[in-house]
Amino acid sequence: MTEQATHLWIRAEQRANEERVGITPEGVKSLLDKGLRVTIEDSATRVLPTGAYAEAGAEIAPEGSWPDAPRDALIFGLKELPEGDAPLHHRHIMFGHAFKGQSGAGAFLSRFTRGGGALYDLEYLVDKDNRRVAAFGYWAGYAGAAVSLLAYAAQDRGETCPPVSTWKNAEAMRAEVATALNGATPRALVIGALGRVGSGARALCEELDLKVTQWDMAETAHGGPFPEVLAHEVFFNCILAMPGVPQFVPADAGSRDRALRVIGDIACDPTSAYNPVPVYDAATSWAAPVTRVHDTPPLDVMAIDNLPSLLPLESSQDFAAQLLPHLATLDAMDAGVWGRARATFDHHAKETSR
């Protein structure tokens, strides 16, 4: 009897403003060459056209048809599933946002336990040293720096940052920021400069010939205070909120003597008790990219929580290249990164069901 091929089903993203995809047509061809079966749903918004996947050999399914996929298919997407309470019967590969006590996490995980499915969370896809194998961090940093600098430029015009939407590519984004700055050269400080996110923020600033102060663990180990942050016009926080992370910006920063005009909180965790930028309490959006927390002189916070989506082409290509070697091992899901991801799900699902 011939063994059935592992079946990867790539669903269409249904979140607003989400054009990214986790695999390219070239990646699909690579998986087909390894003997996997690949289906991709049609999508009018995906940054890479459905036709390119068809030419690579993928089977095409209607948008949103994944609930009717064969039970053994692995459903692969990036962002959250549509709202609902129906039991989930499939194994899903996605960013689930359900293992840190997030709102609604328990109800979401119960959909898997009730349906016999499982969540292989991309955030918890880690190697044997517990390091993530694929992330969008670099392009989050790059795009976050861009929007923050647009906010700085808007202040120079006596305005607040206008709405943003997807850019065709990084070159177009960089050109728009350069035009908006109109020769201005704000000094920037990046905390977390050696990580993926900080590297992206640093890269854009350097491409614009801005002076960048680069800090990482060594420079923040003393725990603060950090008056240097207030001495820069723009500050990029690229450090996730967690126990032990110091406060980089004082809560009363707005009323202090400062050069600081824009905070790009790229890590963006305003509701955390460990938030290192405690001057605001809610994420911003594409429609309203900044929150003004002080008026004279202005202090704006940029805290968009889906920054890589602003550059769907580069962020998709980069993430897909990182993930592809691991998708190629889907026929051995009990081992390696997939086995570790399943163990993480099983632990949290068990905790939730207690």
Is it true that the side chains of [X] and [Y] contain a donor and an acceptor less than 3.5 Å apart?
| X | Y | answer |
| --- | --- | --- |
| D42 | T50 | yes |
| D269 | N275 | no |
| T39 | H7 | yes |
| S309 | R20 | yes |
| D300 | Q155 | yes |
| T220 | W215 | no |

Would R187 and E233 count as a salt bridge (charged side-chain N to carboxylate O under 4.0 Å, His left out) here? Give the steps.
CA-CA 5 Å; R187 295 164 297 169; E233 283 79 18; 2.7 Å; yes
Sub-6.0 Å ring centroid separation between [X] and [Y]:
| X | Y | value |
| --- | --- | --- |
| W139 | F136 | no |
| F99 | Y124 | yes |
| F112 | H92 | yes |

Give the intermediate values and the outcome of side-chain contact (heavy atoms from CB on, under 4.5 Å) for residues T185 and K211.
CA-CA 8 Å; T185 55; K211 183 177 179 181; over 6 Å; no
[X]/[Y] ion pair, N-O < 4.0 Å:
| X | Y | result |
| --- | --- | --- |
| R11 | E41 | no |
| R174 | E176 | no |
| R15 | E80 | yes |
| K350 | D346 | no |

Single hit among T291, I266, L150 for side-chain contact (heavy atoms from CB on, under 4.5 Å) with M302:
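So the option named by the test is I266.
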How about [X] and [Y]: do any of their side-chain heavy atoms sit closer than 4.5 Å?
| X | Y | answer |
| --- | --- | --- |
| R196 | R132 | yes |
| I23 | L327 | yes |
| E228 | T213 | no |

Salt bridge (charged side-chain N to carboxylate O under 4.0 Å, His left out) against R114, all qualifying residues, sequence neighbours excluded
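Once residues adjacent in sequence are excluded, the partners of R114 under the salt bridge (charged side-chain N to carboxylate O under 4.0 Å, His left out) criterion are D85.
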Find the distance between CG (L78) and OG (S316) and round it off to the nearest 0.5 Å.
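Taking CG in L78 and OG in S316, the distance rounds to 7.0 Å.
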Once you round to the nearest 0.5 Å, how far does CG of D121 lie from CD of E123?
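Here the interatomic distance stands at 6.0 Å.
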For L8 and I75, run side-chain contact (heavy atoms from CB on, under 4.5 Å): C-alpha distance rounded to whole Å, both residues' side-chain angles, the deciding distance at 0.1 Å, then the answer.
CA-CA 6 Å; L8 182 66; I75 311 301; over 6 Å; no
Rest of the hydrophobic cluster containing M217 (Ile/Leu/Val/Met/Phe/Trp/Tyr, side-chain heavy atoms under 4.5 Å)?
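Cluster partners of M217: none, it stands alone.
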What verdict does the side-chain contact (heavy atoms from CB on, under 4.5 Å) test give for M333 and L74, after you've listed the backbone C-alpha separation in whole Å, the side-chain angles of each residue and the deciding distance to 0.1 Å?
CA-CA 11 Å; M333 291 194 76; L74 294 156; 3.4 Å; yes
